[in-house]
Number of protein chains: 2
Amino acid sequence: MPGSIQSIERAAAILELLAAAPVPLRVSEIGSAVQLPRATAHGILRTMLDVGWIEQDRVSGKYLIGEGRFAPGGRQVDPNELRARSMNWADPLAARSGEAVRVAVPEGPAARVIHYVFRPDHSTQKADVGALLPGHASALGKVLLAFRPSAGQALTDQALTPYTSRTLTTRSRLTSELAQVRRQGWAVEQGERQMDLAALAAPLTGLGGLVVGAVGIHGAVDRICDPNGVPRPRLLALVQECSRAIGRELHTPRTQA
Amino acid sequence: MPGSIQSIERAAAILELLAAAPVPLRVSEIGSAVQLPRATAHGILRTMLDVGWIEQDRVSGKYLIGEGRFAPGGRQVDPNELRARSMNWADPLAARSGEAVRVAVPEGPAARVIHYVFRPDHSTQKADVGALLPGHASALGKVLLAFRPSAGQALTDQALTPYTSRTLTTRSRLTSELAQVRRQGWAVEQGERQMDLAALAAPLTGLGGLVVGAVGIHGAVDRICDPNGVPRPRLLALVQECSRAIGRELHTPRTQA
DNA sequence: GCAGTTGTTCGACAATGTCGACAGGCCGCC
DNA sequence: GGCGGCCTGTCGACATTGTCGAACAACTGC
């Protein structure tokens with residue numbers, strides 16, 4: 001099929017139309033300009049609204065081009081919004097798994113913790129919100145690295161700090177590990193950053209399949225994994241379920257009721 | 001169908017991925033990052049290549065984000081490229097119609113002439129390449145105005161300079177005229193800018209249905225139209241055929257063989 | 001040299017987007 | 001104030017469209 005994808009071509013045409021327009025445009029104007037039924041134009045507009053390329057004036061209903069997109073280093077998903085959306089699902093995960101929960105977003109080759117839910121028991125714990133987890137030595141980091149080729153690019157063997165004897169310290173081993181993470185859709189960390197700690201993590205998938213963050217649990221190795229070092233299926237299922245739930249939430253950005 | 005269009009969502013995801021990447025990425029990397037088969041990712045990438053959102057390194061085959069797109073007043077189609085592509089079809093149009101041919105691109109509410117082909121007979125003529133034709137009083141201008149809602153927005157009744165007694169000088173009459181142009185796909189001008197001149201014009205449709213320019217013929221009123229003021233069908237067909245041919249040319253931007 | 005990549009093309013299937021028609025809301029004109 | 005036109009957004013059936021597996025060729029690195 002040596003043809004281009006029409007939906008995208010049409011979206012591009014409409015986007016250029018809006019970019020060239022000094023004032024917001026109504027759906028019918030756009031439709032007649034590109035010779036498309038209004039319903040079709042509306043569908044394309046709504047999609048571009050969802051992905052943030054364009055904006056809609058709430059009172060007039062007219063559409064206008066979004067601000068400062070695609071600028072070099074253009075903004076990813078807003079961490080605050082992601083935190084807000086994941087809270088509803090992170091709490092139940094902690095309750096049902098009995099472990100502490102973390103949500104993280106990518107920051108260079110590392111993972112920035114943006115949300116933390118304490119383990120249900122009343123032991124002393126410390127929330128490390130704001131902390132930077134190493135990408136190669138944490139479950140959350142591995143997930144982000146696996147689905148963000150841009151980040152992994154910069155990692156050299158020298159940068160793979162060995163935290164424990166189990167830390168992956170060569171680029172080739174890390175690469176194959178990340179390939180496995182991509183295949184199976186989740187990552188595990190056992191004693192790679194701290195000998196007595198293990199963790200599980202899964203990606204948070206935004207619109208279009210783009211991974212915008214990761215969610216996971218962490219705790220004592222013997223609670224997270226069985227004696228053979230295999231993650232306990234129940235915990236794994238809980239993490240994946242939570243990941244999918246937040247993902248679904250991200251797919252419905254019907255903000256502003 | 002209260003769902004978004006997936007192709008566009010995926011394109012957006014890939015675009016953000018590329019925007020966040022400091023270095024060019026290969027197809028397979030992109031595919032695994034958004035969990036898509038390579039062929040699918042390739043199709044989306046090719047489309048975004050065609051519309052100019054991304055670029056491809058000719059030697060490595062890697063993809064990188066395009067430069068300076070969507071900047072306020074971002075570039076339209078390059079007039080030089082449009083001129084080059086339309087030349088092959090404008091010449092035959094002049095030969096077969098026996099009239100002079102003009103190609104124009106939008107510039108504000110007016111039409112900038114970027115190409116001119118002399119009428120085959122050897123009468124004295126003057127090529128007005130570079131001239132600015134009024135949008136409301138020329139066939140080329142009406143076509144551009146009809147498919148560029150952004151331009152018409154600024155026109156007030158005061159701006160509708162009356163060149164002759166036949167010039168459309170009220171906004172309402174112009175609006176209905178433009179609606180008709182959109183319906184039928186071509187525009188006519190008879191004595192509206194110069195009493196003894198008539199013209200026919202049709203849009204040049206780029207990718208996705210966006211009108212990027214217009215092509216048309218002009219000459220003595222009695223040669224362009226019949227005594228009743230109706231455009232001669234043969235000439236009209238020739239203009240439309242030429243318009244479609246150039247449009248097809250624009251849809252195949254397989255530049256650089 | 002071969003084995004493992006890579007980017008790209010082709011074709012068939014069915015999932016997807018398109019488009020006509022309907023409902024709800026708003027403005028403006030009588 | 002009520003009415004008519006025009007607007008945006010929704011729903012559903014159809015078929016066009018995009019997707020995805022498999023095959024091809026060119027390239028890289030053991």
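No experiment lies behind these values; they were computed from the predicted model shown. Lettering of chains follows the sequences in order, A, B, ..., and the numbering in each one begins at 1.
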Would you mind reading off the distance between [X] atom [atom1] and [N] atom [atom2], rounded to a whole angstrom?
| X | N | atom1 | atom2 | answer |
| --- | --- | --- | --- | --- |
| A:Asp50 | D:dG9 | CG | P | 12 Å |
| A:Ile8 | D:dT17 | CD1 | P | 14 Å |
| B:Asp57 | D:dC27 | CG | P | 15 Å |
| B:Ile30 | C:dT6 | CD1 | C1' | 13 Å |
| B:Ile5 | D:dT17 | CD1 | P | 13 Å |
| B:Glu9 | C:dT16 | CD | P | 11 Å |
| A:Arg26 | D:dG5 | CZ | C1' | 14 Å |
| A:Lys62 | D:dC6 | NZ | C1' | 14 Å |

Pairwise P distance for D:dT16 and D:dG12, with rounding to whole Å: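 It works out to 22 Å between them.
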Result of checking B:Glu177, B:Glu189, B:Gln180 against B:Lys142 for side chain to side chain donor-acceptor pair (under 3.5 Å): B:Glu177
Who passes side-chain contact (heavy atoms from CB on, under 4.5 Å) against [X], sequence neighbours left out?
| X | value |
| --- | --- |
| B:Ala84 | none |
| B:Asp57 | B:Val59, B:Ser60 |
| A:Ser28 | A:Arg26, A:Arg38 |
| A:Thr164 | A:Arg166, A:Thr167, A:Met195 |

Stretch residues 34-41 of chain B: residues that reach within less than 4.0 Å of DNA chain C through a heavy atom: B:Ala39
First encountered from the 5' end of DNA chain D, between A:Arg10 and A:Gly61: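 Counting from the 5' end, the first nearest nucleotide belongs to A:Gly61.
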First encountered from the 5' end of DNA chain D, between A:Gln6 and A:Val27: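 Whichever sits nearer the 5' end wins; that is A:Val27.
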C:dT8 OP1/OP2 closer than 4.0 Å to side-chain N/O of B:His42: yes
Short side-chain N/O contact from B:Tyr63 to OP1 or OP2 of C:dT6, under 4.0 Å: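 Looking at the OP1 and OP2 atoms of C:dT6, neither is under 4.0 Å from any side-chain N or O of B:Tyr63.
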Working for side chain to side chain contact (heavy atoms under 4.5 Å, CB included), residues B:Thr205 and B:Val212: CA-CA 6 Å; B:Thr205 307; B:Val212 298; over 6 Å; no
Closest to the B:Ser28 side chain, choosing from C:dT6, D:dT19, D:dT8: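 Out of C:dT6, D:dT19, D:dT8, the nucleotide with an atom closest to B:Ser28's side chain is C:dT6.
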Per B:Ser7 side chain, nearest of listed nucleotides D:dT19, C:dT8, D:dG9: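 Nucleotide nearest to B:Ser7's side chain: D:dT19.
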Residue pairs involving residues 236-247 of chain B (criterion salt bridge (charged side-chain N to carboxylate O under 4.0 Å, His left out); sequence neighbours excluded):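 Salt bridge (charged side-chain N to carboxylate O under 4.0 Å, His left out) check on residues 236-247 of chain B returns B:Arg96-B:Glu241.
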